[in-house]
Amino acid sequence: MTAEFLAQEKIWFDKLRFDEAECRFYERMNG
Amino acid sequence: MAAGTLYTYPENWRAFKAQIAAQYSGAHLKVASTAPAFTFGQTNRTPAFLNNFPLGKVPAFQGDDGFCLFESNAIAYYLSSDALRGSTPQDSAQVLQWVSFADSEIIPPASAWVFPTLGIMQFNKQATEQAKEEVKRVLTVLHQHLNTHTFLVGERVSLADISVVCSLLWLYKQVLDPSFRQPFPNVTRWFVTCINQPQFKAVLGEVKLCEKMAQFDA
Amino acid sequence: MAAGTLYTYPENWRAFKAQIAAQYSGAHLKVASTAPAFTFGQTNRTPAFLNNFPLGKVPAFQGDDGFCLFESNAIAYYLSSDALRGSTPQDSAQVLQWVSFADSEIIPPASAWVFPTLGIMQFNKQATEQAKEEVKRVLTVLHQHLNTHTFLVGERVSLADISVVCSLLWLYKQVLDPSFRQPFPNVTRWFVTCINQPQFKAVLGEVKLCEKMAQFDA
């Protein structure tokens, strides 16, 4: 039962991918 | 002292934060998690609920005075005592630091790893391996910090410990078996110290640490 | 009054929160964002930096007294005045509510929509359409709340406004063109009121609202 409820949680699973992309972008920007 | 009703589904780790905080502060908290008081997926879709909580998400708190609050960290903060919030500007800022750390650094990889083992998400080998590496990084940061600290902020339990313990619950129960957690003894020592505090036990009951890493549940 | 150095790369919306908070509180803040003081991708990988900030992430704050803090919300909170943090338990809990709302409800869809238009990430039509719907939902919640409020909490600017404005910056600059933002006039009124406050302008400069929705930058 709990697992079904948990399945409705909104989690940013892609957060790491976004963080890394943003890092690369600003590292490039800052040479 | 705050008093009111917490709407949530049962066994919600986000709601546990507020419930444990209330145990420490003495705030009088009624938990509405089962019918007829609250049915997840129904009550939180009614106009009356959405009028107070426009996102329709839980946990949601309504004070006996009518004051409404959503977002689990805000509710836990409101139900806390000053001691839990941090008694100096530096301590209260560090409490916020670890509360943010739990949400931004622990929850995404912890969910990516645990959800497939609960059968609530497709298993993806690469995503799981990456999540494991992320969890190791998080446990390393905590292990180093807890080399010189008994609790995360100051000398006693704070909202920082409550938030980070609750965000690690599924990991410790489901996948952090003895060999995986072996390199991070400070974290396991701290985690067990916290869950054995009467205020945590009153909400979490007996927390059994994972003996065998759960694999995905096809 | 806190005083110290904020390490970040230039134009970092997460760092703006702390910088604007310092403008209101009068905290003396030095910003290290360009060489030789700080080079993103190098300085934050040195052992000295990692010793103070184990995640190696920015923004990171070091007080003149040596006190170190990571996580942008904690830094902004530490550099704030009590007025910004919320002057009653209910106000300070609501400040936390909107700070959490910014991180959990705004940043994910805002990043998913805006990053491809900046060339930061691959464009994905379905993800972009879904992000637009989530941004509409967020703007609806804010529009309704701002029907009866000038600012998000209490009668004046707080950390809630600073956090939510900074989390909406890229959206308003890059993709929220007049037709997309037309259904949410309270939000645009509030957003423009905030960015025209001298303390915001001192940090953000002139913020030009999007005239034409940016498409992805192949």
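Lettering of chains follows the sequences in order, A, B, ..., and the numbering in each one begins at 1.
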For chain C, which residues of residues 170-179 of chain B have at least one non-hydrogen atom nearer than 4.5 Å to it? none
For chain C, which residues of residues 51-81 of chain B have at least one non-hydrogen atom nearer than 4.5 Å to it? Pro54(B), Leu55(B), Lys57(B), Asp65(B), Phe67(B), Cys68(B), Leu69(B), Phe70(B), Glu71(B), Asn73(B), Ala74(B), Tyr77(B), Tyr78(B)
Under a 4.5 Å heavy-atom criterion, the part of residues 14-32 of chain B in contact with chain C comprises none
Per-residue contacts, residues 128-160 of chain B versus chain C, heavy atoms under 4.5 Å: Arg137(B), Val141(B), Gln144(B)
